[in-house]
Protein chains: 2
Amino acid sequence: MERKTTIHDIARELNTTAATVSRALNNHPSISAATKEMVRETAARLNYRQNKLASSLRSGRTHTIGVIIPSAEISFFGSVVHGIERVARSKGYRVLLFQSNEDPSCEAEGIEALLQSKVDGIIASVAKETTRYQHYLEVKERNIPLVLFDRVDDSLQVPSVVIDDYKGAYMATMHLIEQGYTRIAHISGQQHIKIFNDRLRGYADALRVRGLPVEDDLIAYGKVSVDSGRDCTDKLLSSAVPPDAIVAVEDFTALGAMQSIKRIGLHIPREIGLIGFANEAFSSYITPSLSTIDQQTIKMGEEAALLFLDLRKKKENGQTNAEKIVLDPVLLIRESSQRINV
Amino acid sequence: MERKTTIHDIARELNTTAATVSRALNNHPSISAATKEMVRETAARLNYRQNKLASSLRSGRTHTIGVIIPSAEISFFGSVVHGIERVARSKGYRVLLFQSNEDPSCEAEGIEALLQSKVDGIIASVAKETTRYQHYLEVKERNIPLVLFDRVDDSLQVPSVVIDDYKGAYMATMHLIEQGYTRIAHISGQQHIKIFNDRLRGYADALRVRGLPVEDDLIAYGKVSVDSGRDCTDKLLSSAVPPDAIVAVEDFTALGAMQSIKRIGLHIPREIGLIGFANEAFSSYITPSLSTIDQQTIKMGEEAALLFLDLRKKKENGQTNAEKIVLDPVLLIRESSQRINV
DNA sequence: ATGAAAGCGCTAACAC
DNA sequence: GTGTTAGCGCTTTCAT
């Protein structure tokens with residue numbers, strides 16, 4: 001195994017010192033252009049590669065942002081990560097990705113790993129099952145910049161970026177009302193997760209504004225999955241006075257609802273309207289295509305990265321505050337909810 | 001900003017030395033149980049957290065595997081990563097993820113970053129557009145364990161895990177033949193990518209074995225995307241003697257094909273059969289559900305991680321070889337191809 | 001514009 | 001079983 005070349009090797013070759021080489025490589029202003037040129041040439045010739053470990057150990061900065069996502073198999077998160085990466089990369093940061101698999105202890109492990117790796121900051125979306133936030137609190141207490149997105153917890157008091165879930169659900173419900181649906185049900189999720197509760201409120205308020213009934217029988221509480229969406233819909237449709245439209249808490253739930261509706265043989269959107277939330281990749285592909293609320297994923301990632309950069313700067317100045325960015329949801333009208341004007 | 005506690009702080013507290021603390025924390029055999037206990041207690045009390053940077057710099061090992069995937073938005077890769085993580089974690093490794101976004105230069109950057117971070121090894125799937133393998137060769141030359149999965153390049157001579165793409169396409173085509181389709185088309189991808197070429201051969205051989213025509217008119221070469229699948233199918237269906245079934249090179253292509261077929265108004269599977277490749281998450285959700293070839297993603301990830309572990313061991317013994325693991329594909333028969341026995 | 005020297009936090013020989 | 005010492009490869013004062 002060949003020894004790796006270090007800045008000392010380059011220094012020896014050029015009859016100079018490691019300090020000069022280091023400065024040249026880092027484009028330090030007080031190094032002459034000539035020296036920089038020579039150093040770079042020699043570095044390339046010797047196939048030199050900087051050891052980030054040593055560099056970071058010494059400088060105290062890794063130029064790495066740790067990102068924790070619940071699952072890489074949900075395209076929403078993949079897309080947000082793209083946004084984060086775009087901004088991060090342009091500012092010289094790299095992104096280290098961790099999946100929590102929706103599991104709080106795995107999430108804690110991930111945070112631990114990121115802290116040990118001395119990342120410069122953490123951007124995260126909270127796992128569905130997480131109810132205690134000790135591991136996140138510790139990040140904050142250690143003064144490591146922490147930014148949350150989408151699934152946030154306000155009690156943590158950290159900067160975050162979300163879309164207006166209340167407004168999204170309100171828009172979705174209003175859209176169904178305008179399409180002439182009058183008995184509109186909602187499949188919600190775990191109520192300790194803020195975004196699900198917000199969507200529930202948006203749904204209910206839209207009905208109220210238009211004088212439509214907000215009945216307990218019209219609201220199902222599921223676990224936010226295809227299976228749960230199917231089960232909840234089975235129940236809703238078999239009730240005494242079934243709904244003629246459904247607002248699903250997100251697209252996978254809507255997918256389950258669609259399966260249930262098809263099995264019963266009702267026509268979407270003629271006999272029953274359906275709208276999801278998230279604009280998952282598959283939502284435009286399925287038949288009928290699923291109306292949904294777009295969450296501005298790329299923008300969400302970009303804003304999260306910008307919040308992190310902000311936080312770093314403020315940290316240097318000793319400032320601190322918990323800015324909250326709220327993005328506007330976008331209503332996407334597709335086949336599943338379009339009963340008129342077709 | 002509070003100073004971080006180090007092993008020296010713990011040592012001072014206990015009137016011992018950093019070395020002892022380090023050994024205790026690492027569960028070194030020659031440290032007494034009593035000492036270990038005290039050290040651990042004090043470490044916990046002082047809220048100590050190991051600095052992996054320093055540890056890795058000194059020991060030369062990071063216990064990190066770098067994984068390069070073309071895109072986090074394709075569930076196939078997310079799933080393989082799960083498999084990798086499962087094995088890696090059980091052996092004390094963590095996984096650092098990088099997206100190449102199917103872009104060769106981004107891929108090279110990712111490798112560079114991983115090398116600088118001194119990962120213990122790299123597991124990768126090659127970006128679609130990559131045709132030169134210099135960046136991968138360098139990994140190998142630097143003696144960093146490198147394992148490829150799915151999209152591999154045999155000329156690199158590194159261990160790899162793939163499924164038998166030839167066999168998968170052969171099975172898919174044979175299944176369509178058995179369902180009574182007689183004029184079966186294939187939408188392929190870029191031919192410099194081995195797996196696409198393998199699938200093409202599997203398709204052709206199945207037809208030959210059963211004495212069906214293998215015509216140039218029945219083979220379309222696309223770019224492996226929903227759009228490309230749609231365009232290719234438009235072309236295939238508008239030909240003089242259109243096919244009565246299509247083997248798509250993968251599921252997104254099949255999705256595009258399905259859109260095209262629906263637009264024309266043909267019934268799947270009665271008038272035209274369709275099968276994909278990959279078992280993407282959406283394939284079971286769409287209507288009609290898509291028959292496809294499962295690629296054993298979790299297993300693929302697990303095997304890739306095992307190959308890496310193997311490689312590490314062999315490296316210590318100075319051995320080297322390029323084992324290739326070939327997994328068996330699994331035919332999933334769903335609605336889109338099932339014309340008989342319904 | 002460059003050099004000398006110190007040290008980031010940890011581990012690993014080698015002592016005893 | 002524990003202490004001593006050295007140094008991983010780099011950056012960063014402080015000199016000059």
Side-chain angles (χ1 to χ4, degrees), chain A residues 1-40 42-43 46-64 92 113 115-120 142, chain B residues 1-40 42-43 46-64 92 113 115-120 142:
Chain A
M1 212 177 323
E2 80 295 333
R3 245 190 93 275
K4 277 128 190 167
T5 77
T6 72
I7 50 174
H8 291 101
D9 300 325
I10 300 174
R12 200 177 314 113
E13 195 90 355
L14 294 170
N15 277 319
T16 176
T17 69
T20 302
V21 174
S22 171
R23 284 190 272 244
L25 256 19
N26 290 311
N27 205 18
H28 191 102
S30 73
I31 295 286
S32 73
T35 311
K36 282 181 186 169
E37 187 48 33
M38 303 209 61
V39 167
R40 258 170 252 186
T42 315
L46 297 184
N47 209 5
Y48 169 77
R49 172 164 285 124
Q50 185 193 46
N51 186 329
K52 285 277 182 215
L53 253 39
S55 163
S56 298
L57 176 60
R58 181 59 237 251
S59 69
R61 303 201 44 193
T62 55
H63 295 279
T64 300
L115 289 179
Q116 288 184 348
S117 302
K118 303 295 171 200
V119 294
D120 287 350
R142 284 181 180 262
Chain B
M1 211 178 324
E2 80 295 331
R3 247 191 89 275
K4 278 128 191 167
T5 77
T6 72
I7 50 174
H8 291 101
D9 300 325
I10 299 174
R12 199 177 317 112
E13 193 89 355
L14 293 172
N15 278 318
T16 177
T17 68
T20 302
V21 173
S22 170
R23 285 189 274 242
L25 256 18
N26 289 311
N27 206 17
H28 191 101
S30 74
I31 295 285
S32 74
T35 311
K36 282 181 185 169
E37 187 48 35
M38 304 211 61
V39 167
R40 259 171 251 186
T42 314
L46 297 184
N47 210 4
Y48 169 78
R49 173 163 283 124
Q50 185 193 45
N51 186 329
K52 286 276 183 213
L53 253 39
S55 162
S56 298
L57 175 60
R58 183 59 236 254
S59 69
R61 303 202 42 194
T62 55
H63 294 279
T64 300
L115 289 179
Q116 287 184 349
S117 301
K118 303 294 171 200
V119 294
D120 288 350
R142 283 183 180 259

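As the structure is a computational prediction, the values presented were derived from the model and not from experiment. Values below: every heavy atom of this structure, side chains too, minus hydrogens, waters and symmetry copies. Labels below follow one simple rule: chain letters A, B, ... track the order of the sequence lines, proteins then strands, and each chain is numbered from 1.
Judged by distance alone, with hydrogens and angles left aside, the side-chain atoms of A/S117 form a donor-acceptor pair with the main-chain N or O of A/A113 at under 3.5 Å. For B/T62 (side chain) and B/K118 (main-chain N/O), a donor-acceptor pair under 3.5 Å exists by modelled atom type. A donor-acceptor pair is defined here as one N or O able to donate and one able to accept, closer than 3.5 Å; such a pair exists between the side chain of B/D9 and the backbone of B/T6. Using a distance-only test at 3.5 Å, with no hydrogens or angles considered, no donor-acceptor pair links the side chain of B/D120 to the main chain of B/R61.
Separating the NE2 atom of A/H8 from the C1' atom of C/dG3 is a distance of 12 Å, rounded to the nearest angstrom. For the pair B/I10 CD1 and D/dT2 C1', the computed distance is 16 Å after rounding to whole Å. Summarising the geometry, the separation between CZ on B/R58 and C1' on D/dC10 is reported as 15 Å, rounded to the nearest angstrom. Remark: C1' of D/dG9 and CG of A/D9 are 11 Å apart, rounded to the nearest angstrom. Here D/dC8 presents its C1' atom at 17 Å from NZ of A/K52, a figure rounded to the nearest Å. When rounded to the nearest whole Å, the span between CG of B/L53 and C1' of D/dC8 equals 12 Å. Rounded to an integer number of Å, the gap from CZ of B/R12 to P of C/dC10 is 12 Å. B/K4 has its NZ atom 12 Å from the P atom of C/dC10, to the nearest Å.
Among the protein residues, B/S30 comes within range of the nucleic acid bases, having at least one heavy atom under 4.0 Å from a base atom. Residue contacts for B/S56: at a heavy-atom cut-off of 4.0 Å it reaches no nucleic acid atom on any strand shown. Backbone-only contact: B/T16 has heavy atoms under 4.0 Å from sugar-phosphate atoms and none from a base.
In this structure, the separation between CG on A/N26 and CD1 on A/I31 is 10.0 Å, given to the nearest 0.5 Å. Rounding to the nearest 0.5 angstrom, the gap separating the CG atom in B/N51 from the CD atom in A/Q116 is 9.0 Å.
Annotation: of the two residues near DNA chain D, B/H28 and B/L57, the 5′-most nearest-nucleotide partner is B/H28.
Under the rule for a side-chain contact (heavy atoms from CB on, under 4.5 Å), the partners of A/N27 that lie at least two apart in sequence or sit in another chain are A/K36, A/R40. Taking the side-chain hydrogen bond (donor to acceptor under 3.5 Å, both in side chains) definition, one finds that A/H28 meets it with A/S30, sequence neighbours left out. Remark: B/T42 engages no residue in a side-chain hydrogen bond (donor to acceptor under 3.5 Å, both in side chains) (not counting sequence neighbours). Annotation: side-chain hydrogen bond (donor to acceptor under 3.5 Å, both in side chains) contacts of A/K52 (sequence neighbours excluded): A/Q50.
The stretch residues 17-27 of chain A touches DNA chain C through A/T17, A/A19, A/T20, A/R23, each having a heavy atom under 4.0 angstrom from the strand.
Closest to the A/Q50 side chain, of the nucleotides D/dC10, C/dT11, D/dT2, is D/dC10.
Taking five base pairs at each end of the helix from C/dA1-D/dT16 to C/dC16-D/dG1, the local helix axes there meet at an angle of 30°, rounded to 10°.
Using a 4.0 Å cut-off, some side-chain N or O of B/S55 falls inside it from OP1 or OP2 of C/dT11. Within the 4.0 Å cut-off from OP1 or OP2 of D/dT2, at least one side-chain nitrogen or oxygen of B/T35 is found.
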